[in-house]
Each structure stands twice: as structure tokens, then as C-alpha cells.
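Here's the structure, in C-alpha cells; my notes come after.
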Amino acid sequence: MMNAKEIARGGLLAAAAVALLYIGGAAPYFGPAACIAAGVTSAVPLVRRARLRTALLLYAAASVLGLLLAPRKSVAAAYVLFCGLYPIVKFGVECYLPRHVQTGVKLAYFNLVLAVAGALVAFGLFPYIAMPGLARLAALWVGANVAFIIYDVALSRLIALLRKSLPPD
């Protein structure tokens with residue numbers, strides 16, 4: 001059962017995520033950073049007490065509201081497909097899988113999300129995003145995987161910093 005403090009904290013974090021998604025949609029150059037920052041909010045309930053339920057509800061609320069309110073739907077879609085869900089997936093992978101398979105599973109998840117995003121673009125769901133040629137697509141794919149590894153390491157360090165600096169519940 002969720003207590004009132006946990007519900008309030010989840011609501012505030014969801015509001016922060018939606019505000020970041022809105023700002024990221026309104027300011028094009030801030031979009032990726034805002035999406036990543038909004039995604040970090042879903043990691044906060046998992047930092048101290050591993051409140052998976054709160055993290056999932058926060059992600060769901062921010063996803064629905066972000067898709068409804070964000071001026072650029074591509075920012076909200078990036079949150080729904082990856083940035084908002086990945087901290088929760090990362091938590092599950094790192095808690096329940098052996099260390100020697102964690103990186104492979106996280107990379108497989110990222111490449112699945114990348115394939116889904118590519119399919120959505122190819123099917124015309126985001127007509128203002130052009131599908132690149134095969135050679136450029138391969139280069140983008142490799143670059144995205146390198147960026148993902150850097151993101152994963154940075155997120156791990158940020159979570160460690162949050163564990164140290166957030167006040168106890």
C-alpha cells in the first residue's frame with residue numbers, strides 16, 4: 001500500500017517530468033536534455049527504498065500527460081520509449097540479473113527501442129523526421145549505441161550521487 005507521502009512525492013516528480021517535457025517541446029535545442037532530465041525523475045523512487053510501484057505510476061502519468069501536453073510529440077515519444085522507462089528497466093536488470101549479462105541485456109533493450117523508434121519514423125508517424133540512407137543509418141546506430149553506453153554510466157553515477165545526497169525517508 002502506498003502512503004500519502006509516497007503518493008505526494010510521486011505526483012511532484014511526475015509534475016516535474018511533465019514540465020521538463022513541455023519545456024523540451026517548446027525549446028527545440030533543449031529537447032534531448034529535457035527528455036533525459038525528465039527520465040531521471042523515474043529513478044528517484046528507486047534510489048532509497050526501491051519503490052517500483054511508485055516509479056511505474058510516475059512513468060505512466062508523465063507519459064500520458066507528456067503526450068497530451070508537450071508541443072513536440074517527438075520529445076514525449078522519446079520519453080515514453082526510452083528516457084522515462086530506462087531507469088526502471090536498469091533497476092530491474094541490475095537487481096535481478098547476474099553482473100556478467102547486465103550490459104548485454106541493457107544494450108539489447110536499447111537496440112529494441114531504437115528499432116521500434118526507427119519503425120515508427122519509417123511508417124510516417126513522425127513525418128518531420130527523415131529516414132536516413134542505409135550507410136548513414138548504420139553510422140547513426142553505432143553512434144547511438146556508444147552514446148547509450150556513456151548515458152548508462154552517467155546515469156549510474158547520478159544515481160550513486162542521489163543515494164548519497166537525498167535525505168532519508
Side-chain angles (χ1 to χ4, degrees), residues 9-48 50-95 97 102-123 125-126 128-129 131 137 140-163 166:
R9 184 177 295 138
L12 287 172
L13 288 168
V18 172
L20 285 165
L21 291 173
Y22 184 84
I23 291 167
Y29 296 110
F30 190 60
C35 188
I36 290 169
V40 171
T41 62
S42 61
V44 173
L46 303 171
V47 169
R48 290 253 187 222
R51 295 203 165 110
L52 184 61
R53 187 173 174 183
T54 303
L56 287 169
L57 288 172
L58 183 157
Y59 163 73
S63 294
V64 170
L65 290 171
L67 286 169
L68 290 173
L69 300 174
R72 274 191 322 160
K73 301 307 178 204
S74 59
V75 173
Y79 176 83
V80 171
L81 288 174
F82 180 69
C83 292
L85 189 57
Y86 181 69
I88 299 167
V89 169
K90 177 180 176 64
F91 171 78
V93 166
E94 292 178 354
C95 284
L97 293 179
Q102 289 176 3
T103 302
V105 170
K106 289 188 277 188
L107 275 169
Y109 168 77
F110 175 70
N111 282 289
L112 176 66
V113 168
L114 209 53
V116 168
L120 292 174
V121 170
F123 290 134
L125 192 61
F126 299 101
Y128 46 87
I129 299 175
M131 194 66 163
L137 182 63
L140 285 171
W141 202 282
V142 170
N145 275 273
V146 170
F148 168 73
I149 292 169
I150 293 167
Y151 167 73
D152 184 54
V153 170
L155 184 60
S156 294
R157 291 188 179 172
L158 179 63
I159 289 170
L161 180 70
L162 287 172
R163 278 196 177 106
L166 284 178

Tell me if the aromatic rings of Tyr151 and Phe82 count as close, with their centers under 6.0 Å from one another.
yes
Taken to the nearest 0.5 Å, the spacing of Leu46 CG from Leu58 CG works out to 9.5 Å
Quick one: does Tyr109's side chain get under 4.5 Å of Leu85's, heavy atoms only?
yes
Taking the side chain from Gln102 and the backbone from Leu97, do they hold a donor-acceptor pair closer than 3.5 Å?
yes
So Val116 and Leu81, do their side chains get closer than 4.5 Å, heavy atoms only?
yes
Quick check: do Tyr86 and Lys106 have side-chain heavy atoms less than 4.5 Å from each other?
yes
Polar side-chain atom of Tyr59 near backbone of Val80 as donor-acceptor pair, under 3.5 Å:
yes
Pair Asn145-Asn111, side chain to side chain contact (heavy atoms under 4.5 Å, CB included): steps then yes or no
CA-CA 8 Å; Asn145 275 273; Asn111 282 289; 2.9 Å; yes
Do Leu107 and Ile149 touch side chain to side chain, with heavy atoms closer than 4.5 Å?
yes
Would you confirm whether Arg51, through its side chain, and Pro45, through its main-chain N or O, come within 3.5 Å as a donor-acceptor pair?
no
Can you check whether Phe148's main-chain N or O pairs, donor with acceptor, with Asp152's side chain at less than 3.5 Å?
no
Would you say the side chain of Val40 lies within less than 4.5 Å of the side chain of Pro87, judging by non-hydrogen atoms?
no
CZ/Arg163: more than 12 non-hydrogen atoms of other groups inside 6.0 Å
yes
Between Ala144 and Leu114, what is the shortest heavy-atom contact and its length?
CB-CD2, 3.9 Å
So which heavy atom on Ala17 is nearest to which on Thr41, and how close?
CB-OG1, 3.5 Å
Which atom of Ala55 lies closest to which atom of Ser42, heavy atoms considered
CB-O, 3.5 Å
Do other residues, nucleotides or ligands put more than 12 heavy atoms under 6.0 Å from the CZ atom of Phe110?
yes
Using side-chain heavy atoms (C-beta onward) and a distance below 4.5 Å, is Ile159 in contact with Lys90?
yes
Between Leu20 and Ala38, which heavy-atom pair has the shortest distance, and what is it?
CD1-N, 3.7 Å
Glu94 and Ser156: which non-hydrogen atoms are nearest, and at how many Å?
OE2-OG, 4.1 Å
Taken to the nearest 0.5 Å, the spacing of Cys95 SG from Leu52 CG works out to 9.0 Å
Taking Lys73 for its side chain and Leu67 for its backbone only, find out whether a donor-acceptor pair lies under 3.5 Å.
yes
